Amino acid sequence: MRNLFASCLCLVALNAPAAPFQDLLRQYETQARQENPAFSGFSPERGKRFYEEKRVASSGRQSGCFDCHSPDPAQSGKTHANKIIDPMAVSANPKRFTDLQKTEKWFRRNCADLIGRACTAQEKGDFIEFLAHYK
Amino acid sequence: MKKWLPYILFASTVLSVTTLLATSANGQEHEGQEPFPKVENPAWHSECSGCHMLYHPALLPARSWKKIMDGLDRHFGENASLDAAQREEITRFLTSHAADRQSNARSRRIVQSIPPDDTPLRFSSTLYFIAHHDEIPNTLYQRKSIGSASHCSACHRGAEQGEFSESTVRIPR
């Protein structure tokens, strides 16, 4: 009986959701307000345009977020070194945007590489808003 | 007792010379069996497998790993930069298991194939690699299921574990 109880507890702990993407969005929202007093919310439409925009990477290669993450974010993507990337859409991959450190690391790298600067909190929030509601 | 010593020395010299000759004549078969030793480091595992398969540290000499780790912000045309603490930890791990710190035959031959004044950033540019893949035409790497010579695990299923023996090679269609 004790054992059963212990294993139930353990299961609960394992199934406890990691910080869901809403937590991350709230953090970006706080930042966005600091960056821009006129901040008026995140927009999935702007996030979609950002995702689909054609860009030139620092290496000179034609690219964009869609390039490695697949034009359809519910599908798997592929890096230039031929590794499969799990889908970006939260509906297809609930692990997305649940680890602030990971999310920040890749925004830092991919924004520097493709845009030549850090992304703003507004851009990050729009991007996540788009992918969180993509079906 | 002492008087046996020269004989023993002589016999062991003959033995090692014959093995040396045998391996150089027939090296590809002899080194083919042993996989690289198992190694693990969580930071390396998570940070160096996001964009490609994990490359075993025994594939390149320590000076190559240092140069790779010093240039992560411009890594083969991409930004793979890390914070300083992780970079140092992974550099220490890679250099301490590098090809020139290994005693296995394959790593020694890799090191021998690299001129001392050269610091390759790719295993796939070493003479060792070129010699062992000379029967593979460039068009084969371009298959969708492979992509490039750097995608070792497409043909060597045990590549991430350091297993490259001939019997485990399978070229995907």
Side-chain angles (χ1 to χ4, degrees), chain A residues 18-19 50 53-73 75-88 92-93 95-120 123-124 127 131, chain B residues 42-56 59-60 68-69 71-87 89-90 121-125 129 136 138-157 159-160 171-173:
Chain A
F50 185 86
E53 189 167 331
K54 293 193 179 70
R55 306 171 191 277
V56 182
S58 58
S59 61
R61 183 200 277 262
Q62 297 286 327
S63 191
C65 312
F66 61 88
D67 183 13
C68 295
H69 292 300
S70 165
D72 174 359
Q75 303 292 317
S76 293
K78 196 169 167 194
T79 67
H80 299 146
N82 304 292
K83 177 157 173 146
I84 302 292
I85 305 181
D86 292 338
M88 286 298 264
N93 180 9
K95 289 203 297 282
R96 282 298 173 208
F97 314 116
T98 54
D99 172 350
L100 177 65
Q101 258 189 324
K102 175 179 177 177
T103 306
E104 274 291 286
K105 178 179 71 193
W106 286 100
F107 270 133
R108 177 171 57 71
R109 288 176 176 165
N110 291 331
C111 293
D113 225 24
L114 293 166
I115 312 180
R117 59 166 172 81
C119 284
T120 62
E123 286 167 331
K124 294 175 187 175
F127 184 80
L131 294 165
Chain B
W44 165 67
H45 204 118
S46 70
E47 298 306 325
C48 302
S49 69
C51 301
H52 47 62
M53 55 160 280
L54 271 174
Y55 297 113
H56 197 290
L59 286 169
L60 285 168
I68 289 170
M69 296 303 291
L72 284 180
D73 54 336
R74 296 191 149 249
H75 178 77
F76 301 95
E78 284 178 24
N79 185 332
S81 56
L82 293 169
D83 64 53
Q86 276 192 322
R87 195 179 62 233
E89 180 186 344
I90 295 172
L121 296 178
R122 289 180 182 271
F123 172 75
S124 62
S125 70
F129 178 90
I136 300 177
N138 273 329
T139 49
L140 186 79
Y141 293 121
Q142 287 154 17
R143 280 189 191 166
K144 246 190 137 139
S145 52
I146 304 175
S148 85
S150 308
H151 193 190
C152 324
S153 54
C155 303
H156 300 276
R157 270 165 302 164
E160 292 193 322
I171 295 177
R173 295 160 63 75

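For the numbers below, each heavy atom of this structure counts, side chains included, while hydrogens, waters and symmetry mates do not. Keep in mind that what you see is a predicted model, and the values were worked out from it rather than measured. In the text below, chain A, chain B and the rest are named by the order of the sequence lines, each starting its count at 1.
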Applying a strict 4.5 Å limit to non-hydrogen atoms, the region of B/S145 in contact with chain A is neither
The reported gap from CZ in B/R173 to CZ in B/R143 (rounded to nearest 0.5 angstrom) is 7.5 Å
Honestly, the part of A/K105 sitting under 4.5 Å from a heavy atom of chain B is side chain
Quiz item: Does A/F50 have A/R55 sitting over its ring (NZ/CZ under 6.0 Å from centre, angle to axis within 45°)?
Solution: yes
Residues at least two apart in sequence or cross-chain that pass side chain to side chain donor-acceptor pair (under 3.5 Å) with B/N79, listed by chain then number, are B/S81
Nearest heavy-atom approach of B/F129 to B/S124 is CD2-O, 3.4 Å
Of the listed B/G50, B/S153, B/C51, B/S150, the one with the largest count of heavy-atom pairs under 4.5 Å with chain A is B/C51
Note: vs chain A, highest number of non-hydrogen pairs under 4.5 angstrom among B/S148, B/A154, B/A80 is B/A80
Answer key: most heavy-atom pairs under 4.5 Å with chain B among A/R109, A/R108, A/R61, A/K102 is A/R109
Is it true that atom CD of A/Q101 has more than 12 heavy atoms of other residues, nucleotides or ligands lying nearer than 6.0 Å? no
